[in-house]
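Inspection log for the structure reproduced underneath, given as structure tokens.
Both backbone and side-chain heavy atoms feed into the values below; hydrogens, waters and symmetry mates do not.
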Amino acid sequence: MKKTILFIILAVCLCACGNDDSRIHCGDYHVSDMTFGADGAVLHAVVNDVPVNFYLVVSASGAKYDGVIDAHHAVLWSHGDTWTMFIDEGAAIECK
């Protein structure tokens with residue numbers, strides 16, 4: 001039940017981005033074709049034309065997904081209707 005609720009919240013967050021094609025820009029990273037696995041535990045995306053799977057991890061608030069982009073640890077974090085990206089635990093990159 002918790003995963004179903006989380007999936008619904010994440011779907012609403014994606015819609016709130018205002019992009020019909022599920023595309024966001026995080027600095028130099030272009031994230032598109034964002035879809036969730038059936039249970040919401042995996043976020044499938046294309047980052048700079050490369051398919052990437054992000055996996056749901058525990059977060060104090062919002063939804064946090066870990067993945068690897070060009071051999072770098074990447075985190076996509078959604079809180080409300082905004083997305084933020086972190087690369088190798090560096091500074092937050094605002095996504096639009």
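- No more than 12 heavy atoms of other residues, nucleotides or ligands sit less than 6.0 Å from atom CG of D70.
- The same ILVMFWY cluster, assembled from side-chain heavy atoms under 4.5 Å apart, contains both L43 and I93.
- S59 and W77 make their closest contact through OG-NE1, 3.4 Å (heavy atoms, listed as atom of the first residue, atom of the second, distance).
- In this view, V47 and Y29, V31, V52, F54, I69 satisfy the side-chain contact (heavy atoms from CB on, under 4.5 Å) rule, not counting sequence neighbours.
- Here the shortest heavy-atom pairing between C95 and M85 reads SG-N, 3.8 Å.
- D28 CG to N48 CG: the interatomic distance, rounded to the nearest 0.5 Å, is 8.0 Å.
- Side chain of D88 to main chain of H73: a donor-acceptor pair is present (N/O by atom type, distance under 3.5 Å, no hydrogens or angles).
- Between I87 and H72, the closest heavy-atom pair is CG2-CB, 3.8 Å.
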Open item on the list: Go through it in stages, so that I can follow the logic: the residues are H44 and N53, the test is side-chain hydrogen bond (donor to acceptor under 3.5 Å, both in side chains), and I'd like the CA-CA distance, side-chain angles, deciding distance and then a yes or no.
Closed with: CA-CA 5 Å; H44 307 284; N53 289 325; 2.6 Å; yes
Open item on the list: Assess the residue pair H79 and T84 against the criterion (side-chain contact (heavy atoms from CB on, under 4.5 Å)); give the C-alpha distance rounded to whole Å, side-chain angles, the decisive distance to 0.1 Å, and a yes or no.
Closed with: CA-CA 8 Å; H79 185 61; T84 305; over 6 Å; no
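- Between F36 and Y65, the ring planes are tilted. Angles from 30° to 60° get that label.
- Within the model, atoms NZ of K64 and CG of L76 stand 11.5 Å from one another, a figure rounded to the nearest 0.5 Å.
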